[in-house]
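Below is one structure, written out as structure tokens; the observations come after it.
All residue numbers in this chain count up from 1 along the given sequence.
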Amino acid sequence: QVQLVESGGGLVQAGGSLRLSCAASGRTFSSYAMGWFRQAPGKEREFVAAISRNGGRTDYADSVKGRFTISRDNAKNTVYLQMNSLRPEDTFVYYCAAKAVNFYYGGVVYTSMGEYDYWGQGTQDTVSS
């Protein structure tokens, strides 16, 4: 069992940056692949970024490639999403997610919502034009 708590959301002007953090409880954070998703009211949750259990591989939605960076710090039980060059269309509630992964699949990234086992409560990011 792991609990996830996101932070770092807020209001920013277009072109600005935000860094989201997702702190995980427990002592087995390094056993999880992590992901970030986002959702607008009335819309389906969509994939943003993912990082493998071993941190060696990442993947991004086309809409954020080159602007967002996912990273993890296992010593701090935290995954980050650095968001640069923000646009008004990046306004969403952002969620982090965790998937328990066997050691042998440590280099795999997961981009589908249904693959994840645990979710945070979400953090609102608003980008003004």
Non-hydrogen atoms of Val101 and Tyr105 that approach each other most closely
CG1-O, 3.3 Å
Taking the side chain as C-beta and beyond, is there a heavy-atom pair between Thr126 and Val12 under 4.5 Å?
no
I'd like to know if the side chain of Gln124 reaches the main chain of Phe92, judged simply by a donor and an acceptor atom lying under 3.5 Å from each other, with no hydrogens or angles considered.
yes
About how many Å separate CZ of Arg67 and OG of Ser85, when rounded to the nearest 0.5 Å?
7.0 Å
Determine, for Phe29 and Arg72, whether the Lys NZ or Arg CZ falls below 6.0 Å from the six-membered ring centre while staying within 45 degrees of the axis.
yes
Out of the candidates Phe47, Tyr116, Phe37, only one should pair with Thr111 under the side-chain contact (heavy atoms from CB on, under 4.5 Å) rule; please name it.
Phe47
Under the side-chain contact (heavy atoms from CB on, under 4.5 Å) rule, what do Trp36 and Ile70 come out as? Steps first, then yes or no, please.
CA-CA 8 Å; Trp36 286 97; Ile70 188 172; 3.5 Å; yes
To the nearest 0.5 Å, atom CD of Glu44 lies from atom CD of Gln39 at 8.5 Å
I'd like to check Tyr118 versus Gln1 (side-chain heavy atoms, cut-off strictly below 4.5 Å). Are they in contact?
yes
CH2 of Trp119 to CD of Glu6: how many Å apart, nearest 0.5 Å?
9.5 Å
Check for me whether Lys99 meets the cation-pi criterion with Tyr110, that is, NZ or CZ under 6.0 Å from the six-membered ring centre and within 45 degrees of the ring axis.
yes
Atom of Cys22, atom of Leu4 and distance for their closest heavy-atom approach
SG-CB, 3.8 Å
Please report the interatomic distance SG(Cys96) to CZ(Arg38), rounded to the nearest 0.5 Å.
15.5 Å
Say whether, by atom type as modelled, one donor and one acceptor occur between the side chain of Thr58 and the main chain of Ala50 under 3.5 angstrom.
no
Please lay out, stage by stage, how Arg87 and Ser63 fare under the test side-chain contact (heavy atoms from CB on, under 4.5 Å).
CA-CA 11 Å; Arg87 306 165 181 167; Ser63 58; 5.8 Å; no
Using the rule that two of Ile, Leu, Val, Met, Phe, Trp, Tyr join whenever any of their side-chain heavy atoms come within less than 4.5 Å, decide whether Val64 and Val109 are in one cluster.
no
Kindly indicate whether the side chain of Val79, heavy atoms from C-beta on, has any atom under 4.5 Å from the side chain of Tyr32.
no
Where do Gln82 and Ser71 land on the side-chain contact (heavy atoms from CB on, under 4.5 Å) test, with the steps shown first?
CA-CA 8 Å; Gln82 178 67 43; Ser71 61; over 6 Å; no
Please determine whether the number of non-hydrogen atoms from other residues, nucleotides or ligands lying under 6.0 Å from atom CD of Glu46 exceeds 12.
yes
Approximate separation, where rounding is to 0.5 Å, of Asp73 CG and Ser21 OG:
10.0 Å
Shared ILVMFWY cluster between Tyr95 and Met113, side chains joined below 4.5 angstrom?
yes
Test item: Leu81 and Val48 side chains (from C-beta on) under 4.5 Å apart, heavy atoms:
yes
Distance-minimising heavy-atom pair for Pro88 and Ser129
CG-CB, 3.8 Å
Minimal heavy-atom distance between Ala24 and Val2, with the atoms involved, is CB-CG2, 3.7 Å
Looking only at non-hydrogen atoms, find the nearest pair between Asp125 and Gly9 and report the distance.
OD1-CA, 2.8 Å
Spell out, as yes or no, whether a donor-acceptor pair under 3.5 Å connects the side chain of Asn77 to the backbone of Ala23.
no
I want to check something: taking the side chain as every heavy atom from C-beta on, are Tyr80 and Thr69 in contact at a cut-off of under 4.5 Å?
no
Closest approach of Asn74 and Ser30, non-hydrogen atoms and distance?
ND2-CB, 3.6 Å
I would like to know whether Arg53 and Phe103 meet side-chain contact (heavy atoms from CB on, under 4.5 Å); could you show each step before the answer?
CA-CA 8 Å; Arg53 166 182 160 149; Phe103 172 81; 3.8 Å; yes
As an exercise, state the distance from CG of Asn84 to CZ of Phe68, rounded to the nearest 0.5 Å.
8.5 Å
Using the rule that two of Ile, Leu, Val, Met, Phe, Trp, Tyr join whenever any of their side-chain heavy atoms come within less than 4.5 Å, decide whether Ile51 and Met83 are in one cluster.
yes
